[in-house]
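Notes for the one structure printed next.
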Number of protein chains: 2
Amino acid sequence: MPVTIRDVARASGVHVSTVSRTFSAPHLVNPETRTRVLSTAESLGYRPNRAARALITGRTHNLGLIVADIANPFFPPLIKAAESQARQRDYHVFVADTNEDALVEEELVQALAKQVDGVLLCSPRMSNDHIEQLRREVPLVVVNRLVEGIPAVVMDVAQGAKAAIEHLVGLGHRHVAYLAGPRGSWTNRELRRAATATARALGANLTVLGPHQPTETAGVGAAEQVLRSGATGVLTYNDLMAIGLLEGLHDRAVKVPEQLSVIGIDDIALSRLIRPKLTTVATPTAAAGRAAVDMLLQPDDDRRTTAQVTLQTELVVRDSTGPAPRRTAASRPPSATPVGSLKE
Amino acid sequence: MPVTIRDVARASGVHVSTVSRTFSAPHLVNPETRTRVLSTAESLGYRPNRAARALITGRTHNLGLIVADIANPFFPPLIKAAESQARQRDYHVFVADTNEDALVEEELVQALAKQVDGVLLCSPRMSNDHIEQLRREVPLVVVNRLVEGIPAVVMDVAQGAKAAIEHLVGLGHRHVAYLAGPRGSWTNRELRRAATATARALGANLTVLGPHQPTETAGVGAAEQVLRSGATGVLTYNDLMAIGLLEGLHDRAVKVPEQLSVIGIDDIALSRLIRPKLTTVATPTAAAGRAAVDMLLQPDDDRRTTAQVTLQTELVVRDSTGPAPRRTAASRPPSATPVGSLKE
DNA sequence: TAGTTCGCTGCAAACGTTTGCTTAGCCAGA
DNA sequence: TCTGGCTAAGCAAACGTTTGCAGCGAACTA
């Protein structure tokens, strides 16, 4: 039923190899023959079978793209950009969702390995050792993680966290908190590290809260914890948690930014649609997707030199941050039990 | 370098066909041999090459999933659900984005055709004729469109539009508008039809505005048009446009729902995060994704009987709708020039 | 005119599997 | 002892391509 190269060959009176060459090495075939073959191929509706081609060339012209959670608004722009970039280079992309599960991640890479020319591993949750091991089965580019010897695209979130904490302290906040993301996340470690270091350098007090799932729900649930901490300014692992936090605070009648300042990370589309508009650290996700695809598709020689690229982040100040309140006690709802004392 | 079935055969002292059968028809091989083969395969790190298998079986165990815009928040939950369902059935899925372009859609289906066992076409923009034609190249399930003879999963948006208009008229709105989506969209036509019919049946006045791109930006831009129309209640093609409209109205200091009521469609996560919380018609997108995959993977015999499934929608009343204002003139900003007269 | 190069095409092997057919060995029944 | 049936395994063709090699005229070189 499906029309093959052989059908085209028969119909145009040439050998299959000539048909093959018409598509894969046109300059090797007589222009006259070429047009004849092309037109019969066209009229027969012939489409090359990429799997068969892959079998012999070893190149599938497919890519794998593995993310923690497709529905997390951070990823779609990245997926879209990566897919678009890949398709421009005549590649198709498998997209898979791990549900934040490191084991699933690993299985997926292995399952995809034989079927793709490379895998984009976005915000992986698995250990570095596992990544290095998988690297031997299939070319890999990791996004949002730095692993020795593995090509990677990362955002300079440390710089972003620094800017965020500086922003808060500059507004007079002396006690800030970092609402942490999931355990396996490199970004989470970076943020935590940079936030802590910056706070210390500025003589401010920083509390780390978490870890948490990087979801809005987790943010809602963390509101209580944040209030208890006594912090007047919060940096969160991502915008989703920040937005959840905003909701949780709203439910408790805590005013943002009057009583509490909140900063997210990522600058997802949502963050400027909610009220108050979220102050956040913008990460160039689309650019990351494109860059990662480019790295994966680069000839081997170049790959070493461009092994790791860092994209700049930028603090976007909107309406969820403001001057520190005078008396922090006011920022707590009556029901909240204060824990620990606040250093002013 | 990559380990093949032949390596396993050699290492375990059997013929390749025995190794093959160990994986694809275990009951045909002696339990003893089987375990031996399995363990050497394991230790060599053998992974079957699905492309090679596909070449001979004709089944790739891959699916294609084509959407208009990955970054449109309507789609990620659908993609996630479809991918998850597919993987449970040992299928991988290609995800592709058409940028709302009917031509790209067609090219994609054709490019994917040979590489997949079926394609999910979500919210297609191309004509029915084209869909029927593509149907001959590859099994197809269409989501959000009803095409004669093509398996489909649709949401009962007509019912949703009816409920929405009834809700508005019930609140006293006599002049309502439908802010239309893109031209090729079946959902758009359904909504328009149902909204018009319902309004007529209730003796209300309905204005159709559009078509528009189904984006937030388009919604912002349509604010002026909506105000000019004189309508006091608006149903939009999707939540994204509704949210944009809300923004545009906010910029013009028009109060929602006091001066204007807005209803979206889809109930994307965003719609309960913005203020006012959006009244909207919830569509079961995840369920649609799962259902579509199930249909695609069903044995041929059953497919005819379950050719088209319709999923129920539900009006979710939140804060963006309220009683019609007394004097509609008040709902217009000073700068807006009234066009047409309002029948009260 | 003979030899060499060149452009184009055909031939056939190969890629990693699956699968219908055949074979080998064994056991039961007669 | 022979026949028949069964289980387990091997053999080889096939899937749709690509590609190194060889062949063959024609054109160029000497």
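Chain letters run A, B, ... following the sequence lines, proteins first, then strands; residues in each count from 1.
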For this session: Please check if the side chain of R59(B) supplies one atom and the backbone of A54(B) the other of a donor-acceptor pair under 3.5 Å.
Result: no
Problem set entry | Among R87(B), E83(B), R50(B), side-chain hydrogen bond (donor to acceptor under 3.5 Å, both in side chains) partner for H92(B) | R50(B)
For this session: To the nearest 10°, let me know how far the axis at one end of the helix from dT1(C)-dA30(D) to dA30(C)-dT1(D) is tilted from the axis at the other, five pairs an end.
Result: 50°
For this session: Rounded to the nearest angstrom, tell me the gap between atom CG in L28(A) and atom C1' in dG20(D).
Result: 12 Å
Exercise. Can you tell me how far P of dA9(D) sits from CZ of R36(B), to the nearest Å?
Worked result: 8 Å
Which pairs, protein N/O on one side and nucleotides 23-27 of chain C N/O on the other, fall under 3.5 Å?
none

Exercise. Does a salt bridge link R36(B) with E32(B), judged by any charged N lying under 4.0 Å from a carboxylate O?
Worked result: no
For this session: Run the salt-bridge test on D101(A) and R125(A) with the 4.0 Å N-O cut-off and return the result as yes or no.
Result: no
Problem set entry | Ring center gap for F23(A) and Y46(A) short of 6.0 angstrom | yes
Problem set entry | Candidate pair I66(A) and E105(A), rule side chain to side chain contact (heavy atoms under 4.5 Å, CB included), full reasoning | CA-CA 7 Å; I66(A) 299 182; E105(A) 239 169 34; 4.3 Å; yes
N/O contacts under 3.5 Å, protein versus nucleotides 15-18 of chain D?
{"from": "dG16(D)", "atom 1": "N2", "to": "A52(A)", "atom 2": "O", "distance (Å)": "3.4"}
{"from": "dT17(D)", "atom 1": "OP1", "to": "Y46(A)", "atom 2": "OH", "distance (Å)": "3.1"}
{"from": "dT17(D)", "atom 1": "OP1", "to": "N49(A)", "atom 2": "N", "distance (Å)": "3.2"}
{"from": "dT17(D)", "atom 1": "OP2", "to": "I5(A)", "atom 2": "N", "distance (Å)": "2.7"}
{"from": "dT17(D)", "atom 1": "O5'", "to": "Y46(A)", "atom 2": "OH", "distance (Å)": "3.4"}
{"from": "dT18(D)", "atom 1": "OP1", "to": "R53(A)", "atom 2": "NE", "distance (Å)": "2.7"}
{"from": "dT18(D)", "atom 1": "OP1", "to": "R53(A)", "atom 2": "NH2", "distance (Å)": "3.3"}
{"from": "dT18(D)", "atom 1": "OP2", "to": "S20(A)", "atom 2": "OG", "distance (Å)": "2.3"}

Exercise. Crowded around R89(B) CZ? As in, over 12 foreign heavy atoms under 6.0 Å?
Worked result: yes
Exercise. Which is it for Q110(A) and E137(A) under the side chain to side chain donor-acceptor pair (under 3.5 Å) test, yes or no, and what are the steps along the way?
Worked result: CA-CA 8 Å; Q110(A) 295 187 329; E137(A) 295 193 35; 3.2 Å; yes
